[in-house]
Amino acid sequence: MSEENNQYTFENEQYRKTYWHTCSHVMAQAVKRLWPEVKLAIGPSIDEGWYYDMDAPFAFTPEHLEQIEAEMRKICKEKLKLERFELPRADALKFMEEKAEPFKVELINDLPEDAAISFYKQGEFTDLCAGPHLDSTGRIKGNAMKLTACNAAYWRGDSNRETLQRIYGIAFPKKDELDAYLQRIEEAKKRDHRRLGKELGLFMLRDEGPGFPFFLPKGMTLKNTLLDYWRQVHKKYGYVEISTPIMLNRQLWERSGHWDHYKNNMYTTVIDDVDFAVKPMNCPGGMLVYASEPHSYRDLPLRVGEIGLVHRHELSGALHGLFRVRCFSQDDAHVFMTREQMQDVIQETVRLFDEVYSIFGLTYTIELSTMPEDHIGTVEEWERNQDILKAAITGMGKEFVINEGDGAFYGPKLDFHLADSLGRTWQCGTIQLDSQLPERFELEYTGEDGQKHRPVMIHRVVLGSIERFIGVITEHFAGAFPAWLAPVQVKVLPVTDRAEEYAKEAAAKLDELGFRCEVDGRNEKIGKKIREATLEKVPYMLVVGDRDMENGTVSPRHRSGEDLGAMSLDQFAALLGEEVKTRAIK
RNA sequence: GCUGAUGUGGCUCAAUGGCAGAGCAUCUCACUCGUAAUGAGAAGGUUGUGGGUUCGAUUCCCACCAUCAGCUCCA
């Protein structure tokens with residue numbers, strides 16, 4: 001999202017990673033010097049810095065981190081040489097067993113038979129490691145290094161195994177680069193949608209409903225404006241819209257497979273002795289709609305959209321503002337088609353995604369998620385569908401990474417990830433291929449040959465969750481939404497009460513023209529009104545005073561601080577109208 | 001769910017085992033002002049919830065709830 005966030009003076013990525021990897025060894029060495037009883041797990045470099053997972057009999061605190069940093073600086077000053085050596089498997093095991101490092105022993109045991117088992121030694125400290133590394137701890141700039149956090153992590157990412165403590169660090173060749181980095185993190189936090197959502201009156205979360213967001217008037221305006229746009233685009237791409245019930249009976253969910261494969265996340269209840277589930281997905285309802293009448297091959301592809309409110313019981317620790325909630329609106333759609341149409345439909349869908357994301361100036365990365373352990377359908381079916389997704393996406397010249405075993409239980413999918421202000425990525429769009437549900441619901445269409453055939457389908461969302469998408473764009477625009485999206489587009493600011501009527505008339509006229517407009521009629525100085533409207537990130541302020549009343553003008557000012565000078569209200573309306581119509585970002 | 005931290009007026013944050021404080025916002029009054037904060041006054045809190053220790057708890061202890069960071073999971 002923010003390109004400027006990735007400029008380091010490190011010559012290249014490989015060197016950067018090597019530098020950070022050596023930092024992680026220095027950190028582990030420091031910890032072992034201070035607390036020899038700590039057990040080491042793994043410590044790789046990551047996109048920004050490094051971490052090391054450890055098992056300690058006490059919890060690391062910020063004070064511990066300072067101690068570790070101090071020891072690390074010492075190790076840097078000692079200029080210890082890093083030396084690589086290899087050991088045969090038996091000796092390697094013996095070595096780590098003697099050091100009483102159970103995690104390392106497990107790692108060695110899991111290495112392939114023929115793998116070279118390499119170690120890096122610096123002073124008294126030796127770690128199992130494939131490398132590469134810097135040649136000396138003296139290459140690390142001790143005062144341009146910081147341990148940033150200490151958190152929990154499961155050993156080998158498995159929630160059934162030990163909970164380890166993960167210490168994160170970051171380092172640069174120069175102190176001022178570290179300072180700039182930390183400053184950037186602080187700036188990014190100011191864009192946090194949870195903070196802006198409160199400041200701008202968009203939404204709220206309450207203890208009474210953890211993970212169930214409340215939309216406030218301004219947030220609701222934003223949401224509705226977004227959906228108006230969504231409907232406009234989808235109409236253009238040939239979609240129709242439906243709405244299916246929020247709750248359906250158990251029989252339906254058993255048929256769709258959700259009762260067996262998704263029950264842990266579903267809210268269920270019993271009504272008149274019948275089990276019901278609140279929908280976690282819209283598809284089964286969509287299947288019923290398709291199955292409710294006969295279809296011809298001439299109707300395909302049939303594109304059916306639904307802004308559907310779904311509920312999923314997510315783990316409490318996973319909740320995160322609007323990014324991860326328990327109830328959200330999906331801008332869902334199911335496209336039913338013949339096998340021959342699959343590739344075209346997928347490509348058409350990606351073009352729709354591109355159109356929508358570019359309106360917001362958002363970029364994305366694509367992941368292809370393949371067959372999970374818990375799945376329905378045959379391996380052949382899965383592979384065939386995965387190949388179709390691959391072919392469609394490479395055919396458009398787009399890149400993707402494979403996310404092994406992360407598909408939905410009914411089919412493989414392409415996920416579109418957008419980044420938040422801290423560079424964390426959130427899945428928004430997804431295109432999921434499904435030949436299972438049509439089977440389970442015995443969907444049919446009549447082909448050219450007069451015979452019944454089974455359609456295939458995709459499930460797809462562009463925005464993903466309206467809530468998450470609003471969170472992403474709030475951070476992306478730092479709350480300063482483009483005029484077409486801004487909950488309030490114009491704030492009319494009378495200089496004195498003499499201008500209040502005039503201000504109200506101007507607002508009424510703008511309102512009539514379809515703009516979202518407010519008047520700040522408080523008895524405050526114009527400077528204060530401007531300050532507050534600016535902080536509210538209203539795109540345009542219209543200052544109106546005696547001079548304007550005399551000349552029949554308004555004096556617009558953009559939130560950026562630009563004073564547009566006096567002009568007629570019609571002129572201003574034309575200017576704003578153009579900005580809204582083109583969905584300009586300014 | 002797991003590990004750790006946090007929870008004080010609407011918001012941002014102080015303070016203390018002994019009467020809980022500030023700024024902003026709110027309300028009232030004065031000021032009528034031309035491009036980022038006019039001044040004065042008033043009101044507002046049984047310190048997340050429930051237990052416990054204590055003469056006394058907002059502070060110490062326990063449980064629960066929620067939030068934050070991360071893991072796991074996912075739109």
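Letters A, B, ... mirror the listed sequences (proteins, then strands); counts begin at 1. Bear in mind the structure is a predicted one, so any value in this text is a computation, not a measurement.
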Hey, is the side chain of A:R194 poking within less than 4.0 Å of OP1 or OP2 on B:C68, counting only N and O atoms?
yes

List the atom pairs, with distances to 0.1 Å, where a side-chain N or O of residues 313-324 of chain A and a protein N or O form a donor-acceptor pair under 3.5 Å, not counting sequence neighbours.
unit_1 : atom_1 : unit_2 : atom_2 : d
A:H313 : ND1    : A:Y267 : OH     : 3.1
A:E314 : OE1    : A:R324 : NH2    : 2.5

Starting at atom CD of A:E314, determine the distance to atom C1' of B:U72, rounded to an integer number of angstrom.
11 Å

Base paired to B:G17 (Watson-Crick or G-U; both N/O distances under 3.5 angstrom)
none

Which of these, A:Q432, A:H375, A:Q436, sits in a side chain to side chain donor-acceptor pair (under 3.5 Å) with A:Y410?
A:Q432

Among A:Q386, A:K413, A:E404, which residue meets the side chain to side chain donor-acceptor pair (under 3.5 Å) test with A:T370?
A:E404

Rounded to whole Å, how long is the line connecting atom CG of A:L542 with atom C1' of B:G34?
14 Å

Taking only the side-chain heavy atoms of A:R498 (C-beta and beyond), determine which of B:A66, B:C33, B:A25 contains the nearest atom.
B:C33

Report the base-pairing partner of B:A66 (Watson-Crick or G-U wobble, both distances below 3.5 angstrom), or none.
B:U6

Walking RNA chain B from its 5' end, the first of A:L315 and A:R557 to be reached, judged by nearest nucleotide, is A:L315

Could you label the plane-to-plane angle of the A:F477 and A:F360 rings as parallel, tilted or perpendicular, counting under 30° as parallel and over 60° as perpendicular?
tilted

Between A:H558 and B:U35, does any side-chain N or O lie under 4.0 Å from OP1 or OP2?
no

NA contact type, A:K198, heavy-atom cut-off 4.0 Å: base, sugar-phosphate, or nothing?
sugar-phosphate

CZ/A:R206: more than 12 non-hydrogen atoms of other groups inside 6.0 Å:
no

Any strand, both distances under 3.5 Å, Watson-Crick or G-U wobble: B:A30 pairs with B:U38

Between B:C13 and B:U8, how far is it from one C1' atom to the other, in whole Å?
10 Å

Using atom P of each nucleotide, how far apart are B:G7 and B:G44 to the nearest Å?
26 Å

Go through the steps for A:R557 and A:E562 under the test salt bridge (charged side-chain N to carboxylate O under 4.0 Å, His left out), then give the verdict.
CA-CA 6 Å; A:R557 175 191 163 106; A:E562 186 192 358; over 6 Å; no

Using OP1 and OP2 only, check whether a side-chain N or O of A:K525 sits under 4.0 Å from B:U35.
no

Under 4.0 Å, counting only non-hydrogen atoms across every strand here, what does A:V543 touch: a base, just sugar-phosphate, or nothing?
base

To the nearest Å, give me how far apart CD (A:Q165) and C1' (B:U72) are.
17 Å

Counting side-chain heavy atoms from CB outward, which of B:U67, B:G34, B:C74 is closest to A:R468?
B:C74

Please tell me whether A:W50 and A:Y168 form a close aromatic pair, meaning their ring centres lie under 6.0 Å apart.
no

Once you apply a heavy-atom cut-off of 4.0 Å, does A:R324 come out as touching a base, just sugar-phosphate, or nothing?
base

Counting the atoms with a prime plus P, OP1 and OP2 as sugar-phosphate, which does A:I526 contact under 4.0 Å by heavy atoms, base, sugar-phosphate, or nothing?
sugar-phosphate

Pick the P atom in B:A66 and in B:A30, then give their distance to the nearest Å.
49 Å

Candidates B:U35, B:A75, B:A37 - which lies nearest the side chain of A:R531
B:A37

Within this structure, what is the CG-to-C1' distance between A:D374 and B:C73, rounded to whole angstrom?
14 Å

For the aromatic rings, using the six-membered ring if either is Trp, is the centroid distance between A:Y357 and A:Y364 under 6.0 Å?
yes

Check every atom of B:G34, B:G70, B:A25 against the side chain of A:D546 and return the nucleotide holding the closest atom.
B:G34

So what's B:C73 paired with, Watson-Crick or G-U wobble, going by both distances under 3.5 Å?
none

Looking at the side chain of A:K528, which of B:U38, B:G34, B:U72 is the nearest nucleotide?
B:U38

Kindly point out which of B:G70, B:A75, B:U67 is positioned nearest to the side chain of A:Q427?
B:A75

Nearest-Å distance, NZ (A:K529) to P (B:U38)?
11 Å

Taking only the P atom of each, what is the distance from B:C64 to B:G17 in whole angstrom?
27 Å

Could you check whether A:A318 gets within reach of a base, just the sugar-phosphate, or nothing at all, counting any heavy atom under 4.0 Å?
base

With rounding to whole Å, what would you report as the distance between B:A36 and B:C74 at their C1' atoms?
42 Å

Base, sugar-phosphate alone, or nothing: which one does A:S555 contact when heavy atoms must sit under 4.0 Å apart?
base

Between B:G4 and A:F60, is there a base-stacking contact, meaning the centre of the base's six-membered ring lies under 5.5 Å from the residue's ring centre while the planes stay under 30° apart?
no

With rounding to the closest Å, how many angstrom separate the C1' atoms on B:U46 and B:U59?
15 Å

Please report the distance, rounded to the nearest Å, between CD in A:E536 and P in B:U35.
20 Å

Of all the nucleotides listed (B:U35, B:G70, B:A75), which has the minimum atom distance to the side chain of A:Y168?
B:G70

Reckon A:G157 touches a base, only the sugar-phosphate, or nothing at all at heavy-atom distances under 4.0 Å?
sugar-phosphate

Partner lookup for B:G44, please. Criteria are Watson-Crick or G-U wobble with both distances under 3.5 angstrom; report none if nothing qualifies.
none

Nearest to the side chain of A:Y154 - B:A75, B:U72, B:A69?
B:U72

Using a heavy-atom cut-off of under 4.0 Å over every strand shown, decide if A:N151 touches base, sugar-phosphate, or nothing.
base

Whichever of A:E524 and A:V325 has the more 5' nearest nucleotide on RNA chain B, that residue is A:E524

What distance, rounded to whole Å, do you find between the two C1' atoms, one in B:U47 and one in B:A14?
13 Å

Integer-rounded Å distance: B:G4 C1' and A:D53 CG
14 Å

Assess A:K223 against A:F215: is NZ or CZ under 6.0 Å from the centre of the six-membered ring, and within 45 degrees of the ring's axis?
yes

Roughly, in whole Å, what's the span from CE in A:M54 to P in B:C71?
17 Å

Let's see if you can work this out: which of B:G34, B:A36, B:A37 has an atom nearest to the side-chain heavy atoms of A:T534?
B:A36

Taking any heavy-atom pair under 4.0 Å as a contact, classify A:D406: base, sugar-phosphate, or nothing.
sugar-phosphate

Passes salt bridge (charged side-chain N to carboxylate O under 4.0 Å, His left out), A:D47 versus A:K17? Steps please.
CA-CA 8 Å; A:D47 287 348; A:K17 295 250 163 165; 3.6 Å; yes

Ignoring the backbone of A:I530, work out which of B:U35, B:G1, B:C71 is nearest its side chain.
B:U35

Heavy atoms under 4.0 Å, any strand shown: does A:A153 hit a base, just sugar-phosphate, or nothing?
sugar-phosphate

At under 4.0 Å between heavy atoms, what does A:G527 touch on the DNA or RNA strands: base, sugar-phosphate, or nothing?
sugar-phosphate

Span that lies between the C1' atom of B:U72 and that of B:U3, in whole angstrom:
12 Å

